[in-house]
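The structure under discussion appears below in the form of structure tokens.
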Amino acid sequence: LSERTALRHNINLMQLVYGKPASKSSNEMKDTSEEESEDDEFFKPKGEGNKKSKEGVNDNDVDIDDCSKFLSNGSIKDWKSEDLIASIRDRFVTGDWSK
Amino acid sequence: MGKISYMRLKGSQNLRLRLLLSTLSTTPILIEDIRADATWPGLRPHEVSLLRLLEKISDDCVVEINETGTKLKYKPGIVIGGRHLVHDCGTSRAIGYFLEPLIVLGLFGKKALSIRLKGITNDSKDPSVDTFRSTTLPMLKQFGIPPEGLDLKIQSCGVPPHGGGEVILSIPIVQDSLKAITWIDEGMVKRIRGVTFSTKVSVQFENTMIHAARGIFNRLLPDVHIFTDHKAGEQAGKSPGYGISLFAETTSGCFISADTAVSYGREDDEGELDDEKKELSPPGDIGEKIASALLGEIEQGGVVDSTHQGLLFLLCALCPQDVSKVRVGKLSPYGIEVLRHIRDFLGVKFVIKPDPSTETVILKCVGCGLKNLSRKDN
């Protein structure tokens with residue numbers, strides 16, 4: 001089962017980034033993928049509608065600021081809590097290596 | 001002269017990425033509808049400034065903008081590079097905005113690039129120049145770029161709204177092409193370093209930030225050193241502000257960074273007027289916030305932080321026709337945009353596979369084999 005979920009997850013990531021397999025990167029396919037595709041918005045002669053459906057964080061804001069910095073406002077955790085500290089302890093050289 | 005066929009694009013989003021990839025792949029682009037419906041239509045000052053910068057470093061590059069700035073034609077030229085160039089980045093975006101495309105273009109120039117950039121060195125939107133020094137430049141070395149001649153000197157600091165900062169960037173050219181990499185070992189964090197800065201405010205602000213940040217790290221790692229860099233006089237730019245840039249170095253030589261800066265907002269930025277007109281966040285909060293952000297990035301478990309994902313993917317795609325394999329944490333929205341644009345311009349598609357055991361993502365690609373052609377013209 002875990003393999004299957006992994007596989008599904010895998011496809012989802014590819015789809016999330018590149019769009020449905022059918023729409024690939026070829027320009028001819030653009031008519032069929034008009035409604036749902038999240039890629040190819042750049043090639044469309046009348047591409048207003050589909051930008052709205054673009055997945056990801058930049059939803060319906062085509063004029064969003066061009067920032068590489070990922071501002072995860074609000075999702076910052078309280079790193080003073082013991083549990084959280086324990087959860088990343090092994091990412092440090094001071095962590096427990098025996099595992 | 002033959003008719004040039006333009007790749008037609010729409011909207012203002014990712015202009016920087018489009019211009020960069022257009023130049024690298026020598027694909028002329030035509031962008032329409034640039035903020036056509038906005039109250040202030042057309043290109044923003046920093047976008048125009050970026051175009052001017054591209055003209056400055058390349059030969060035979062043609063930029064045409066219509067009267068309202070909603071339509072842009074860009075025919076890339078050959079990146080020449082050169083020494084002792086100067087560019088004023090303006091104050092609408094920080095220097096980080098310009099550095100990101102510039103370091104990649106510089107690598108594929110005819111001559112090594114050395115350029116003096118003026119404007120805002122630290123703000124909350126773009127990676128600060130300190131982060132570029134500590135994290136971005138070491139990252140380039142992974143791709144076989146010689147460390148000699150790769151440098152960013154910070155002459156003076158400048159924060160919004162008036163800037164006044166100045167840096168000198170030196171970028172060597174790649175002799176032939178980059179080196180494909182397999183970079184999936186993120187290692188364990190062995191030390192945390194960082195630097196704070198303050199301009200036209202008390203140096204005590206820095207100490208408070210450092211104290212707060214150390215408080216967060218203390219229970220995890222003893223090897224934490226954060227330096228202060230109080231600027232005075234000429235070096236302090238034109239506006240008051242303070243900030244912090246932290247990075248974690250791992251046993252496998254990865255650098256994970258987080259940074260921010262606080263200052264009074266730009267007057268022309270309507271969107272941010274509300275939050276930034278009020279008092280600045282206290283330095284203690286900033287220190288804690290950035291330390292937490294850094295731990296958040298470390299938790300993700302990639303070989304780079306989410307800010308550098310885009311650059312990492314781009315460099316992988318520019319590699320010779322070999323397989324590159326990298327590990328990152330959760331894909332950032334900008335990283336995803338970069339992946340899409342890489343496919344559109346360079347025809348490189350990544351195989352993206354999650355690694356459920358570590359909750360990271362492994363990306364594999366075969367580079368497009370970009371050679372430094374401009375160099376061969378010599």
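Since the model is a prediction, treat every value here as computed from it, not as a measurement. Lettering of chains follows the sequences in order, A, B, ..., and the numbering in each one begins at 1.
- Within 6.0 Å of NZ in B:Lys330 there are 12 or fewer heavy atoms belonging to other residues, nucleotides or ligands.
- Of the atoms belonging to B:Asp305, not a single heavy atom falls under 4.5 Å from chain A.
- Comparing B:Ala258, B:Gly96, B:Gly310, B:Pro127 by heavy-atom pairs within less than 4.5 Å of chain A, the highest count is held by B:Pro127.
- Note that the OG atom of A:Ser68 and the CG atom of B:Leu99 stand 10.5 Å from one another [nearest 0.5 Å].
- Summarising the geometry, atom CD belonging to A:Gln15 is positioned 11.0 Å from atom CD1 belonging to B:Ile352; distances are rounded to the nearest 0.5 Å.
- Using a 4.5 Å cut-off between heavy atoms, B:Val338 makes no contact with chain A at all.
- Taking CD of B:Gln300 as the reference point, atom CD1 of A:Ile88 lies at 11.5 Å (rounded to 0.5 Å).
- To the nearest 0.5 Å, atom CG of residue B:Leu331 and atom CG of residue A:Leu16 are 7.5 Å apart.
- With values rounded to the nearest 0.5 angstrom, B:Met188 atom CE is found 9.5 Å from A:Thr94 atom OG1.
- More than 12 heavy atoms of other residues, nucleotides or ligands shown are found within 6.0 angstrom of CD on B:Glu32.
- Put simply, of B:Leu311, B:Val361, B:Leu220, B:Leu339, the one with the most heavy-atom pairs under 4.5 Å next to chain A is B:Leu220.
- Ranked by non-hydrogen atom pairs under 4.5 Å with chain A, the options B:Asp259, B:Ile31, B:Thr131, B:Thr250 are led by B:Asp259.
- Counting only heavy atoms from C-beta outward, the side chains of A:Leu84 and B:Leu295 never approach each other to under 4.5 Å.
- Judged purely by atom type and a 3.5 angstrom limit, A:Tyr18 uses its side chain to pair as donor or acceptor with the backbone of B:Phe350.
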Test log, rule side chain to side chain contact (heavy atoms under 4.5 Å, CB included), inputs B:Arg16 and A:Cys67 = CA-CA 9 Å; B:Arg16 192 163 53 140; A:Cys67 279; 5.5 Å; no
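- Taking CG of B:Leu221 as the reference point, atom CZ of A:Arg91 lies at 12.0 Å (rounded to 0.5 Å).
- Panel note: side chain A:Arg89, backbone B:Arg219; a donor-acceptor pair is recorded below 3.5 Å.
- At a threshold of 4.5 Å between non-hydrogen side-chain atoms, the residues B:Ile192 and A:Phe92 count as touching.
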message = For a side chain to side chain contact (heavy atoms under 4.5 Å, CB included) check, start with the C-alpha distance between A:Lys80 and B:Ile216, then their side-chain angles and the critical distance, and finish with the verdict.
response = CA-CA 6 Å; A:Lys80 281 179 195 154; B:Ile216 301 274; 4.2 Å; yes
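- The two atoms that bring A:Ser87 and B:Glu299 nearest to each other are OG-OE2, 4.3 Å, heavy atoms only.
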